[in-house]
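Working notes, structure below.
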Amino acid sequence: MLTTIDKQKLKSHANTIESKYQVGKNGLTNNNLILLDKALEAHELIKVSVLKNADKEINEIAFDISSNINCEIVQIVGRVITFYRKSKKPGIKHIL
């Protein structure tokens, strides 16, 4: 569980990164979840854009992603969700 101070640090760091992942009309597929899981392991902090034609509400998509790949929702701004999970890989510089 992230503390308020942790979330503030992650939000400020998230301002410097771009959204590289999208969820569209097909919703969350197994391939999407695998891709997001690998991205979190490599980068710890990622942004996911939800397209307007997505089949579910943005809050529901955020909850589905976080519960399926065991990560924290840092923030939702508009149609962009920021996720965090501490990497288990050795040699990665940790954000927190």
Side-chain angles (χ1 to χ4, degrees):
M1 188 90 183
L2 296 173
T3 65
T4 305
I5 294 172
D6 290 342
K7 282 191 177 186
Q8 287 175 346
K9 288 179 186 177
L10 291 171
K11 286 177 185 180
S12 84
H13 189 69
N15 286 332
T16 64
I17 64 173
E18 291 186 26
S19 176
K20 295 181 182 175
Y21 309 98
Q22 292 182 341
V23 175
K25 67 180 180 179
N26 295 331
L28 288 174
T29 62
N30 283 339
N31 289 338
N32 284 21
L33 292 172
I34 291 168
L35 176 72
L36 294 174
D37 186 47
K38 288 180 181 180
L40 277 169
E41 190 60 34
H43 303 290
E44 292 189 334
L45 186 70
I46 61 169
K47 285 180 166 179
V48 177
S49 297
V50 180
L51 302 180
K52 290 182 181 178
N53 61 355
D55 60 347
K56 294 181 181 178
E57 292 295 318
I58 192 162
N59 291 334
E60 192 175 347
I61 291 171
F63 178 75
D64 288 347
I65 292 172
S66 69
S67 62
N68 279 309
I69 61 175
N70 194 27
C71 62
E72 297 276 343
I73 301 169
V74 176
Q75 69 178 347
I76 299 173
V77 177
R79 303 196 65 77
V80 178
I81 311 164
T82 305
F83 295 101
Y84 171 78
R85 182 179 70 202
K86 187 173 182 176
S87 178
K88 296 173 188 154
K89 279 188 175 181
I92 290 184
K93 183 179 175 187
H94 297 293
I95 296 170
L96 289 180

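Computation of the quantities below employed the complete heavy-atom set of this structure, encompassing side-chain atoms and omitting hydrogens, waters and symmetry-equivalent molecules. Numbers here simply count residues along the sequence, with the first being 1.
Taking the side chain as every heavy atom from C-beta outward, Asn32 and Thr29 approach each other to under 4.5 Å. In this structure, the side chains of Leu2 and Leu96 come closer than 4.5 Å at one or more pairs of heavy atoms. In this structure, the side chains of Leu51 and Gln22 come closer than 4.5 Å at one or more pairs of heavy atoms. Lys47 is not listed as a side-chain neighbour of Lys20, based on a closest heavy-atom distance of 4.5 Å or more. Contact check for Glu72 versus Leu10: no side-chain heavy atoms found under the 4.5 Å cut-off. Counting only heavy atoms from C-beta outward, the side chains of Phe83 and Leu45 never approach each other to under 4.5 Å.
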Q.
Would His43 and Ile17 count as a side chain to side chain contact (heavy atoms under 4.5 Å, CB included) here? Give the steps.
A. CA-CA 11 Å; His43 303 290; Ile17 64 173; over 6 Å; no
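In this structure a side-chain-to-backbone donor-acceptor pair under 3.5 Å is present from Arg79 to Val50. The main-chain N or O of Ser19 is never found under 3.5 Å from a side-chain atom of Ser49 such that the two would form a donor-acceptor pair. With hydrogens and angles disregarded, no donor-acceptor distance shorter than 3.5 Å links the side chain of Arg85 to the backbone of Ser66.
Atom CD1 of Ile73 sits about 8.5 Å away from atom CD1 of Ile65, to the nearest 0.5 Å. Separation of atoms SG (Cys71) and CD1 (Ile46) is listed at 7.0 Å; rounding is to 0.5 Å. Separation of atoms CD1 (Ile76) and CZ (Phe63) is listed at 11.5 Å; rounding is to 0.5 Å. Atom CD in Gln75 sits 4.5 Å away from atom OG1 in Thr82 (nearest 0.5 Å).
There is no path of hydrophobic side-chain contacts, each under 4.5 Å, that joins Tyr84 to Val48. Hydrophobic clustering (ILVMFWY, side-chain heavy atoms < 4.5 Å, transitive): Leu40 and Ile34 are in distinct clusters. Both Leu28 and Ile81 are part of a single hydrophobic cluster, where members link through side-chain heavy atoms under 4.5 Å apart. Transitive grouping of hydrophobic side chains (ILVMFWY, heavy atoms separated by less than 4.5 Å) brings Ile69 and Ile61 into a common cluster.
By the 6.0 Å contact criterion, NZ on Lys9 is open, its count of non-hydrogen atoms from other residues, nucleotides or ligands being 12 or less. No more than 12 heavy atoms of other residues, nucleotides or ligands lie within 6.0 Å of CG in Asn30, so this atom counts as exposed by the packing criterion.
A donor-acceptor contact closer than 3.5 angstrom is absent between the side chains of Ser12 and Asn15.
Residues that satisfy the side-chain contact (heavy atoms from CB on, under 4.5 Å) test with Lys88, not counting sequence neighbours, are Glu41.
Smallest separation of non-hydrogen atoms from Ile95 and His13: CD1-CD2, 3.8 Å.
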